[in-house]
Amino acid sequence: SDVLGFDALLRKHGPNNDGGIPIGKVVDHLRGHAFFDGAVTAELTYDYLEALSNGTEDATFICDVEPLCMKGAVGKLHIYAMLGWAAERRGTTCAESISKVVNRGR
């Protein structure tokens with residue numbers, strides 16, 4: 001089950017981007033789930049995902065994740081790494097960050 005909606009994003013946008021999801025589509029998806037707040041803004045998230053996509057920021061989700069090296073696109077593991085980054089910024093757990101997406105910000 002795709003409760004986070006990332007599989008649907010990948011199916012819709014990935015084939016046109018060699019398997020990467022455009023960062024703007026990820027941010028729009030998160031915006032639709034009321035994910036953003038004062039600690040984690042859409043702009044900060046876009047910039048962080050962009051840094052992951054071009055390799056200037058290291059991504060870690062349980063283990064290190066290599067960048068896709070596709071300008072402006074990220075993979076699902078990069079999105080999960082971003083959820084961990086968001087949790088750190090908020091001073092919460094990764095589970096709470098994921099819950100914020102699943103429960104549309106509640």
Side-chain angles (χ1 to χ4, degrees):
S1 167
D2 184 23
V3 295
L4 297 174
F6 300 141
D7 288 335
L9 278 177
L10 188 58
R11 277 191 308 276
K12 185 172 183 179
H13 302 287
N16 299 328
N17 293 290
D18 295 323
I21 305 167
I23 294 168
K25 299 296 182 185
V26 174
V27 171
D28 289 346
H29 177 75
L30 294 171
R31 188 177 285 117
H33 285 259
F35 181 75
F36 302 115
D37 54 29
V40 179
T41 65
E43 295 78 17
L44 284 172
T45 301
Y46 189 98
D47 290 346
Y48 181 74
L49 287 171
E50 190 170 54
L52 294 182
S53 81
N54 64 28
T56 58
E57 182 78 34
D58 291 332
T60 302
F61 179 69
I62 301 172
C63 61
D64 291 341
V65 179
E66 292 296 318
L68 294 179
C69 296
M70 290 186 292
K71 185 171 175 59
V74 292
K76 278 183 12 181
L77 289 178
H78 298 101
I79 298 170
Y80 295 139
M82 179 276 305
L83 293 173
W85 165 84
E88 286 179 22
R89 289 192 57 84
R90 291 183 174 121
T92 63
T93 66
C94 193
E96 289 170 298
S97 194
I98 291 170
S99 177
K100 193 165 178 69
V101 176
V102 172
N103 296 309
R104 297 190 182 266
R106 289 177 268 162

Hey, are the side chains of [X] and [Y] touching, using non-hydrogen atoms and a 4.5 Å cut-off?
X	Y	result
Asp7	Lys76	yes
Tyr48	Ile23	no
Ser97	Arg90	yes
Val40	Trp85	yes
Val26	His78	no
Phe6	His29	yes
Ile21	Lys12	no

Please report the shortest heavy-atom distance between [X] and [Y], naming the atom on each side.
X	Y	result
Val27	Ala42	CG1-CB, 3.9 Å
Val74	Ile79	CG2-CG1, 4.1 Å
Pro22	His13	CD-CB, 3.5 Å

Residues two or more places apart in sequence or in another chain: which of them pass ring-ring contact (aromatic ring centres under 6.0 Å, His included) with Phe36? none
From [X] [atom1] over to [Y] [atom2], what is the distance, rounded to the nearest 0.5 angstrom?
X	Y	atom1	atom2	answer
Ile98	Thr93	CD1	OG1	8.5 Å
Lys100	Leu30	NZ	CG	11.0 Å
Met82	Leu44	CE	CG	12.0 Å
Asn54	Leu49	CG	CG	11.0 Å

Under a plain distance cut-off of 3.5 Å, with no hydrogens placed, do Ser99 and Glu96 share a side-chain donor-acceptor pair? no
Do Asp28 and Lys25 sit within salt-bridge range, that is, some charged N less than 4.0 Å from a carboxylate O? no
